[in-house]
Amino acid sequence: MNPIAKAREAVAHTSSHAVPGRRSGGHDTAAGAGSDPVVALRGAAVRVGGRTLWSGVDLRIGAGEFTAVLGPNGVGKSTMIKVLLGALPAAAGEVQVLGARPGQANDRIGYLPQRRSFDANLRIRGIDVVRMGLDGDRWGVPLPFPSARRRAARARVDEVIELVGASAYAHRPIGQCSGGEQQRLLIAQALVRRPELLLLDEPLDSLDLPNQSAVAALIGRICHHEGVSVVMVAHDVNPILHHLDRVVYLAEGGAAAGTPTEVITSETLTRLYGTPVEVLQTSDGRLVVVGQPEAPAVHTDRHDTPGSGHAAG
Ligand SMILES: Nc1ncnc2c1ncn2[C@@H]1O[C@H](COP(=O)(O)OP(=O)(O)OP(=O)(O)O)[C@@H](O)[C@H]1O
């Protein structure tokens, strides 16, 4: 076995679920080894376009945790979300989500796909976008609900809009809301059915720094105060670092999971990627990963050059 495969095997066997469950940020949630996991993968692999993106992934994500899925561009982070939703079958191994096969518990999951911006001329209001999370499959058709259920639905939409702090602009056309405002409204849409698990695909992408912090804090509150488990694909871990319970780093040959301080280290990432990786900390606490490899055949829109330093994620 070559040294890289050996290193990957070592990481796959020690890190994915054997990293001790010490908590990072002092969030006292019900998560941990004792409770049923919201997500469990065993020996999982995924193939797209005839190529294996990752394989041998063993992973347990506890209930009530805020977990980030990290890794180089093109490693298959968004694809993992698709696997969890049952949109793409695992090529090998076992995958369970909320105790069921992927796709079978989707009515208990809120999902925010990778960001799509709204056309500035779109007249549909923010509140209507949120409402679509409840009855989007019947858009434009009068609700057959009795009036008590209609009132309850309206109350839930108002409640969730208030929860994300979007009351001031929810009646404006969504195309006229800022990127951060649109993202809050989309998070409200994903929350409106009271999901137990929220799957978020790069929700901070293309937001400016203040909005990244504000939306990260909102997601942290939704997780730790509302008790919704969150699995979030992130390109940069720094805006969410202080809200996270766990991180999962994906690599071609496995995954490393644990608290941020356990996983985002030179030693763990060097073992995972089988190549020297250095984790540096700036004076303001930001993490910078140097030397993390690019996955092969990735798209090229926002990639760093291989071997260059970039924010952890
Ligand atoms: N249906 C498909 N057919 C062929 N290749 C695909 C398909 N879907 C995804 N891919 C490829 O699989 C790889 C992983 O894609 P994915 O979007 O999961 O990566 P990612 O880790 O989320 O990347 P990024 O950080 O750049 O968003 C990419 O190289 C992508 O081009």
Side-chain angles (χ1 to χ4, degrees), residues 8 11-12 16 39 41 44-57 59 61 67-93 95 97 102-103 109 111-117 179 183 186 190 198-207 212 215-216 219 230-241 244 246-257 260 263-264 269 272-275 277 287-313:
R8 283 185 179 143
V11 169
S16 296
V39 169
L41 278 70
V46 72
R47 284 177 70 76
V48 289
R51 181 162 65 93
T52 299
L53 294 181
W54 37 261
S55 60
V57 170
L59 186 63
I61 294 178
T67 303
V69 179
L70 307 169
N73 288 123
V75 76
K77 302 181 293 294
S78 299
T79 305
M80 173 167 276
I81 300 283
K82 289 180 193 155
V83 169
L84 299 183
L85 286 167
L88 183 72
V95 181
V97 182
I109 297 176
Y111 169 50
L112 183 60
Q114 215 161 3
R115 186 164 167 72
R116 307 271 178 273
S117 56
Q183 203 61 314
L186 289 170
L198 205 49
L199 300 177
L200 307 172
D201 196 347
E202 302 216 23
L204 307 185
D205 210 26
S206 76
L207 298 184
Q212 283 185 10
V215 174
I219 296 166
V230 176
V231 176
M232 172 174 160
V233 172
H235 179 228
D236 175 7
V237 77
N238 287 299
I240 48 175
L241 192 55
L244 283 177
R246 285 166 70 81
V247 298
V248 178
Y249 253 91
L250 280 180
E252 210 180 324
V263 175
I264 313 176
L269 296 186
L272 178 65
Y273 292 110
T275 188
V277 175
L287 297 175
V288 180
V289 176
V290 183
Q292 181 179 259
E294 287 289 336
V298 296
H299 38 268
T300 52
D301 51 349
R302 54 162 192 263
H303 297 164
D304 295 311
T305 337
S308 67
H310 44 279

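Atoms within each ligand, like the ligands themselves, are counted from 1 in listed order. Note that the numbering runs from 1 along the sequence shown for the chain. Quick note: numbers below take in every heavy atom, side chains included, and nothing from hydrogens, waters or symmetry partners. All values reported here derive from a predicted model rather than from experimental measurement.
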- request: Examine the proximity of ligand 1 to L53 and report which part, side chain or backbone, both or neither, has a heavy atom under 4.0 Å away.
  value: side chain
field: Proximal ligand 1 atoms for Q114, defined as those under 4.0 Å from one of its heavy atoms
entry: 27 (O)
message: Within ligand 1, which atoms have a heavy atom of E202 less than 4.0 Å away?
response: 25 (O), 27 (O)
query: Contact between G76 and ligand 1, counting heavy atoms under 4.0 Å?
result: yes
- prompt: Looking only at atom types and distance, does a side-chain atom of W54 sit under 3.5 Å from a main-chain N or O of G76, one as donor and one as acceptor?
  reply: yes
field: L59 side chain near M80 side chain, heavy-atom distance below 4.5 Å
entry: yes
field: pair L287-N238: side-chain heavy atoms closer than 4.5 Å
entry: yes
- request: Classify the contact between R51 and ligand 1 as side chain, backbone, both or neither, using a heavy-atom distance cut-off of under 4.0 Å.
  value: side chain
task: Just jot down the side-chain contact (heavy atoms from CB on, under 4.5 Å) partners of A68, sequence neighbours excluded, or say none.
output: L70, I240, L244, V247
field: Ligand-residue contact atoms, ligand 1 with K77, heavy atoms, under 4.0 Å
entry: 18 (O), 19 (O), 20 (P), 21 (O), 22 (O), 23 (O), 24 (P), 25 (O)
- prompt: Is the closest N or O pair between V233 and ligand 1 shorter than 3.5 Å?
  reply: no
message: Looking at K77 and G71, would you say the former's side chain and the latter's main chain have a donor-acceptor pair under 3.5 Å?
response: yes
- prompt: Looking at residues at least two apart in the chain, or sitting in another chain, which of them share a side-chain contact (heavy atoms from CB on, under 4.5 Å) with P203?
  reply: L112, Q183, L200, I219, M232
message: I'd like the name of whichever of V69, V48, V46 reaches closest to atom 5 (N) of ligand 1 through any heavy atom.
response: V48
